[in-house]
Asks: 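Sharing a structure with you now.
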Amino acid sequence: MSAAEEVVAEGHETVEAVPKRAMTLSTTTSLVVLAALLIAPVFVKNFIIFQMTMLLIYGLAVLALNILTGGSGQFSLGQSAFYAVGAYTTAVLMEYFNVNYALTLPIAGVVCFGFGFLFGQPALRLSGVYLALATFALATAMPQLLKLNFLEHWTGGVQGLVVTKPDAPFGLPMSQDMWLYYFTLAVTLAIYVFSVNLLRSRSGRAFMAIRDNEIAASSMGVNVALYKTLAFGVSAGITGIAGALGAIAVQFVAPDSFTINLAISLFLGMVVGGVGWLPGSFVGAAFIIFVPNIAEGISKGLSGAVFGVLLLLVIYLVPHGARQLAILGQQLSGKLRKT
């Protein structure tokens, strides 16, 4: 057993670790959810399909932040910067070099992994709120950097770039929105499985050993510098893939689409979904996509205030996010089975 594994073994929970009774999601429930995701596009309009696609995309971005914060204990408010890099990487490759949209995803992931890994190097000296401030500065600066004159030829400056949405391959009888949804769903499932396995691996246990006690992890042989930068790189890479998918779905990228508001929304999604609970990433994504629309439906003039009230209610009722609801649901089902 590795040093990191020993640290975690002594009573520390994994990122997926809630009490065992709340840990196990039944296979039946998982299959029902998957079946609903596969069948739903057949019965809804293209706009709803587009919203479902964006839910998966934001869910990936929140999941990436969950790996960084819930996994290694590092706070980041700069995910919008990595999202922007991934989006622009795909847009430039598709529009200037005619690269197939599917091939742009791994390229965007690798580019953002390198960007995040390099950013993690100087960030090693920071922790807590200071690291959050550094990433906040990155997110604030990114829209302005994308408008620089010497990059304008590639980024389109303030006008941005238009991205062509792909048609369904092999003459499949489905709309562009429906095909992109299924493509995004496949990518999401693959990355989710990768993330779960990563956090259960030796590297994932090292992440969590650092999260729980950095000094203890270091004293037991965990390379803290390597694993902290690796966590940044993996998180940035997944966020970059989410940004690439977002560029294809929206069909447009512009600097003002990746402001600090996006970073805050992703952080909010992680908190609402439950820090360190990967399935909650998609619950949090649903919150940041649909709740603002609900707030606007209640009052267009005071939509921001209504959204704030709804957020306060969520924080008051479920302070640990959707993860807490999962625990309560598991406990209730256990009591019902006993009776």
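Just the heavy atoms: all of them, side chains too, but no hydrogens, waters or symmetry mates, feed the values below. These numbers come from a predicted model, not from an experiment.
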Asks: Report yes if some heavy atom in the side chain of I298 is under 4.5 Å from a heavy atom in the side chain of I294; otherwise report no.
Replies: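 Contact flag for I298/I294 side chains = yes.
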Asks: Should T89 and T104 be marked as a side-chain contact (heavy atoms from CB on, under 4.5 Å) after you check the CA-CA gap, both sets of side-chain angles, and the distance that decides it?
Replies: CA-CA 7 Å; T89 299; T104 66; over 6 Å; no
Asks: Does any N or O in the side chain of S235 come within less than 3.5 Å of the main-chain N or O of F232, such that one atom is a donor and the other an acceptor?
Replies: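 Not confirmed, S235 side chain does not pair with F232 backbone.
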Asks: Would you say T135 and Q74 make side-chain contact, with heavy atoms under 4.5 Å?
Replies: no
Asks: Does D256 pair with K147 as a salt bridge, N-O distance under 4.0 Å?
Replies: yes
Asks: Does any non-hydrogen side-chain atom of L65 lie less than 4.5 Å from one of S76?
Replies: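 Yes; the side chains approach each other to less than 4.5 Å.
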Asks: Is any side-chain heavy atom of L161 less than 4.5 Å from a side-chain heavy atom of V92?
Replies: yes
Asks: Does the side chain of T164 come within less than 4.5 Å of E95's, by heavy atoms?
Replies: yes
Asks: Can you confirm whether E152 is buried at CD, in the sense that more than 12 heavy atoms of other residues, nucleotides or ligands lie under 6.0 Å from that atom?
Replies: yes
Asks: Any heavy-atom pair between the side chains of I241 and F113 that's under 4.5 Å?
Replies: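 Answer no - side chains too far apart.
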Asks: Classify the ring geometry of F287 against F307: parallel below 30°, tilted from 30° to 60°, perpendicular beyond 60°.
Replies: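 Tilted.
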Asks: So, do S257 and Y83 sit near enough that their side-chain heavy atoms are less than 4.5 Å apart?
Replies: no
Asks: Is the backbone of A64 close enough, under 3.5 Å, to the side chain of T239 for a donor and an acceptor to pair up by distance?
Replies: no
Asks: Do F183 and V187 touch side chain to side chain, with heavy atoms closer than 4.5 Å?
Replies: yes
